[in-house]
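Contents: one structure, followed by commentary.
All figures in this text were calculated on a predicted structure; none of them were measured in a lab. Both backbone and side-chain heavy atoms feed into the values below; hydrogens, waters and symmetry mates do not.
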Amino acid sequence: VQLQASGGGLVQAGGSLRLSCAASGRTFSSSAMGWFRQAPGKEREFVAAISWSGSGTYYADSVKGRFTISRDNAKNTMYLQMISLKPEDTAVYYCAAYPNSKVKYGSNWYLKVNEYDYWGQGTQVTVSS
């Protein structure tokens with residue numbers, strides 16, 4: 001799977017952005033998907049994940065109620081709608097693919113960053129105060 005993240009930019013606190021992750025190659029619908037972010041000087045952190053069908057969604061506590069992950073398997077695209085953005089959301093956002101064969105429902109599979117097998121190049125999100 002090749003992943004291309006887009007939609008980042010500069011926005012004021014309280015604003016909104018929608019990130020997209022376009023996939024090509026291996027069947028998109030055979031992968032669970034996730035968003036991670038990395039701020040300068042910090043480790044990459046989990047943001048949100050979605051099951052292959054879209055029926056299961058998972059969020060970091062820091063973004064619950066503000067971010068919404070979704071996917072359109074017909075378009076091979078995943079989205080991250082972000083509202084009420086805060087300066088602490090500033091980071092490079094990465095999309096990643098997680099092989100559905102490794103998903104263990106009922107576990108925190110989506111947090112296992114090393115088990116995501118494909119990563120996009122990242123898109124910068126900057127939130128000004």
Side-chain angles (χ1 to χ4, degrees):
V1 175
Q2 290 78 45
L3 304 175
Q4 180 76 33
S6 62
L10 173 63
V11 64
Q12 289 188 332
S16 302
L17 282 174
R18 189 177 81 154
L19 305 184
S20 298
C21 177
S24 61
R26 191 183 77 195
T27 306
F28 176 70
S29 60
S30 68
S31 298
M33 299 291 295
W35 286 101
F36 288 77
R37 66 187 181 188
Q38 188 165 18
K42 294 188 177 181
E43 293 187 354
R44 190 169 297 191
E45 65 172 357
F46 169 76
V47 175
I50 188 167
S51 65
W52 70 272
S53 66
S55 61
T57 57
Y58 313 87
Y59 297 94
D61 288 343
S62 59
V63 307
K64 276 182 184 176
R66 299 188 300 121
F67 290 11
T68 303
I69 190 171
S70 62
R71 65 190 295 164
D72 186 337
N73 286 347
K75 295 182 178 180
N76 282 1
T77 303
M78 174 180 65
Y79 305 97
L80 186 68
Q81 178 68 50
M82 307 185 293
I83 66 170
S84 302
L85 282 162
K86 305 175 181 180
E88 51 264 43
D89 294 319
T90 296
V92 177
Y93 283 70
Y94 298 90
C95 58
Y98 193 104
N100 199 50
S101 60
K102 290 188 178 181
V103 170
K104 296 181 180 179
Y105 294 103
S107 74
N108 295 337
W109 59 267
Y110 44 89
L111 297 178
K112 298 178 180 178
V113 61
N114 292 331
E115 294 192 356
Y116 286 80
D117 54 359
Y118 293 97
W119 292 81
Q121 86 290 357
T123 184
Q124 176 71 47
V125 171
T126 302
V127 184
S128 63
S129 57

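Atom NZ of K75 and atom CZ of F28 lie 12.0 Å apart (nearest 0.5 Å). To the nearest 0.5 Å, the span separating OH on Y118 from OG on S31 amounts to 8.5 Å. Separating the CD atom in E43 from the CZ atom in R37 is a distance of 14.0 Å, to the nearest 0.5 Å. Note that CG of L19 is 8.0 Å distant from CZ of F67, once rounded to the nearest 0.5 Å. We find the SG-CH2 distance between C21 and W119 to be 11.0 Å, quoted to the nearest 0.5 Å. To the nearest 0.5 angstrom, E88 atom CD is 9.0 Å from S62 atom OG.
With hydrogens and angles disregarded, a donor-acceptor distance shorter than 3.5 Å links the side chain of N73 to the backbone of W52.
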Please report the C-alpha distance between D89 and R66 in whole Å, then the side-chain angles of each, then the deciding distance to 0.1 Å, and finally whether the salt bridge (charged side-chain N to carboxylate O under 4.0 Å, His left out) criterion is met. CA-CA 11 Å; D89 294 319; R66 299 188 300 121; 2.7 Å; yes
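Side-chain contact, Y110 with N108: a donor N or O sits under 3.5 Å from an acceptor N or O. For the residue pair Q4 / S6, no side-chain donor-acceptor distance below 3.5 Å is found, with atom types taken as modelled.
Y58 and F46 have their aromatic ring centers separated by at least 6.0 angstrom.
The only member of L10, V11, L17 that meets side-chain contact (heavy atoms from CB on, under 4.5 Å) when paired with T126 is L10.
With sequence neighbours excluded, the residues that form a side-chain contact (heavy atoms from CB on, under 4.5 Å) with A5 are W35, C95, Q121, T123.
By the 4.5 Å heavy-atom criterion applied to side chains, M78 and I69 are counted as neighbours.
In terms of heavy atoms, T90 sits closest to A39 at O-CB, 3.7 Å. Closest heavy-atom contact between Q81 and S16: NE2-CB, 4.2 Å. In terms of heavy atoms, A13 sits closest to S129 at CB-CA, 4.4 Å. In plain terms, the two heavy atoms of V47 and L80 that are nearest each other are CG1-CD2, 4.2 Å. Summarising the geometry of G122 relative to V92, their closest heavy-atom pair is CA-CG1, 3.8 Å, with the distance given to 0.1 Å. In terms of heavy atoms, S53 sits closest to S55 at OG-OG, 2.8 Å.
The hydrophobic clustering, which links ILVMFWY residues whose side-chain heavy atoms are closer than 4.5 Å, places L85 and Y59 together. Residues L111 and Y94 fall within the same hydrophobic cluster, defined by Ile, Leu, Val, Met, Phe, Trp and Tyr side chains chained together at heavy-atom separations under 4.5 Å.
Note on ring orientation: taking the six-membered ring where Trp is involved, the planes of Y116 and W109 are tilted (angle from 30° to 60°).
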